[in-house]
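Scroll down for the structure; my scribbles are underneath it.
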There are 2 protein chains.
Amino acid sequence: MTSTPPRRSLEELLPTVVALFTERGYDATSMEDIARATGRTKSAVYHHVSGKEELLRLAIARAVDALSAVLTESAAVDGRAADRLEHVVRRSVEVLAEQQPYVTLLLRVRGNTQAEQWALEQRRGIDRRLTALVAAAIAEGDLRTDLDPPVVTRLLFGTVNSLVEWWRPTGAASVTAMADSIVALAFTGLRR
Amino acid sequence: MTSTPPRRSLEELLPTVVALFTERGYDATSMEDIARATGRTKSAVYHHVSGKEELLRLAIARAVDALSAVLTESAAVDGRAADRLEHVVRRSVEVLAEQQPYVTLLLRVRGNTQAEQWALEQRRGIDRRLTALVAAAIAEGDLRTDLDPPVVTRLLFGTVNSLVEWWRPTGAASVTAMADSIVALAFTGLRR
DNA sequence: GTCTATATGTTGATAGAC
DNA sequence: GTCTATCAACATATAGAC
């Protein structure tokens, strides 16, 4: 859990800021853009935040928290690793639907600033936990054994994460349908 | 085919420029960075190019050409659509291995500038052709019928494209192995 | 083709009044 | 908590000599 300080006024700005960051990109969004979009001047924005980088950090932390929670929650469930893996995939699709712009920012990070370096570390941590789950499912004999666990993990969640580039969920039913589609493709395969 | 004017001196700069764009991001790379990395001053760079945007356009055009060629080449082959689709997936992995930074730039485009808008159009065109191929494979009865063609297409090539984020091919054998892994996951599925 | 200036705009961030 | 005014740094791009 990445502890988030309880600054309420900041939480008001964040949704708007995150929308701008995801649409135009972090670098292409100026503090002036943010001020205008939130109906304030730049100075007013700086009264709430130490700078642009903190806004990014805050947004990414939200995505990290949500995705980490999925993993922690699934680890507590008994049963076969392959089923836990499928559950993580489904829950990840849900998180992505609920927190799209936040997850998008986490996935786009390149490591240029300190905040982005931190984000990359968080991602590596999540990746390690996912790989362990995949490896366990293979070891238990439920997944095919001819594929490398780290490769399978990245391909599988590369598929899930690619949703941020085009998917715009329209409701609870569409989320379930998308989770079904991804599980069908990745676990059962396209050929018949 | 996106006709590329035959300016040789420019082709010398492009690999270095594309490396910078993919590592730091387009916005975070200045003309000064480009000048330094290519051992020239900014003015010398401007003698070869009209501006930063043209460099991006040129790089993206290369990726578009390579990926379009894969589709055109596969369309000329007889046989079942599902086999052509599998072939396109394999060839896409190869193109990605050979032209990684160029393809990466194409995939990261957000549409902020004119060059990026053009790139998005090119991507839509490729996407349409891929979707038609998937739809044909379903219609011929070789792929499962419970999934939406556009969704399947984006998931399938979302998987392929996600490679740019982490894969660093080490030789011809590793490229074949990766193509095999993706085809195994997407066409046959992970469960056994 | 390359260089040394330099023009011109925009950026993130701060000072200080209200 | 919001404002106006402003700074210093850095951006893209150009002028003009060699």
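Bear in mind the structure is a predicted one, so any value in this text is a computation, not a measurement. Throughout, protein chains are lettered first and strands after them, A, B, ... in sequence-line order, and every chain is numbered starting at 1.
Note on residues 150-167 of chain B: pairs passing side-chain hydrogen bond (donor to acceptor under 3.5 Å, both in side chains), not counting sequence neighbours, are A/Arg110-B/Glu165, A/Thr159-B/Thr159, B/Asp127-B/Arg154. Screening residues 179-192 of chain B for side-chain hydrogen bond (donor to acceptor under 3.5 Å, both in side chains) gives A/Asp83-B/Arg191, A/Glu86-B/Arg191, B/Arg90-B/Asp180 as the qualifying pairs, with residues at least two apart or on separate chains.
Of the residues in residues 14-43 of chain B, B/Arg40, B/Thr41, B/Ser43 come within less than 4.0 Å of DNA chain C through at least one heavy atom, sorted by number.
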For residues 17-26 of chain A, dump all side-chain donor-acceptor pairs below 3.5 Å to protein atoms at least two apart in sequence or in another chain.
unit_1	atom_1	unit_2	atom_2	d
A/Thr22	OG1	A/Val18	O	2.9
A/Thr22	OG1	A/Ala19	O	2.9
A/Arg24	NH1	A/Asp33	OD2	3.2
A/Tyr26	OH	A/Glu53	N	3.3

Run the side-chain donor-acceptor check on residues 36-44 of chain B: report pairs under 3.5 Å with partners two or more places apart or on a different chain.
unit_1	atom_1	unit_2	atom_2	d
B/Thr38	OG1	B/Ile34	O	2.8
B/Thr38	OG1	B/Ala35	O	3.3

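In summary, contact between chain A and DNA chain C, defined as any nucleotide atom under 4.0 Å from a heavy atom of the protein, begins and ends at C/dT11 to C/dA15 in the 5' to 3' direction.
The salt bridge (charged side-chain N to carboxylate O under 4.0 Å, His left out) check on B/Glu73 picks up B/Arg91, with sequence neighbours excluded. Every residue was checked against the salt bridge (charged side-chain N to carboxylate O under 4.0 Å, His left out) condition with A/Asp78, not counting sequence neighbours, and none meets it. With sequence neighbours excluded, no residue forms a side-chain hydrogen bond (donor to acceptor under 3.5 Å, both in side chains) with B/His87.
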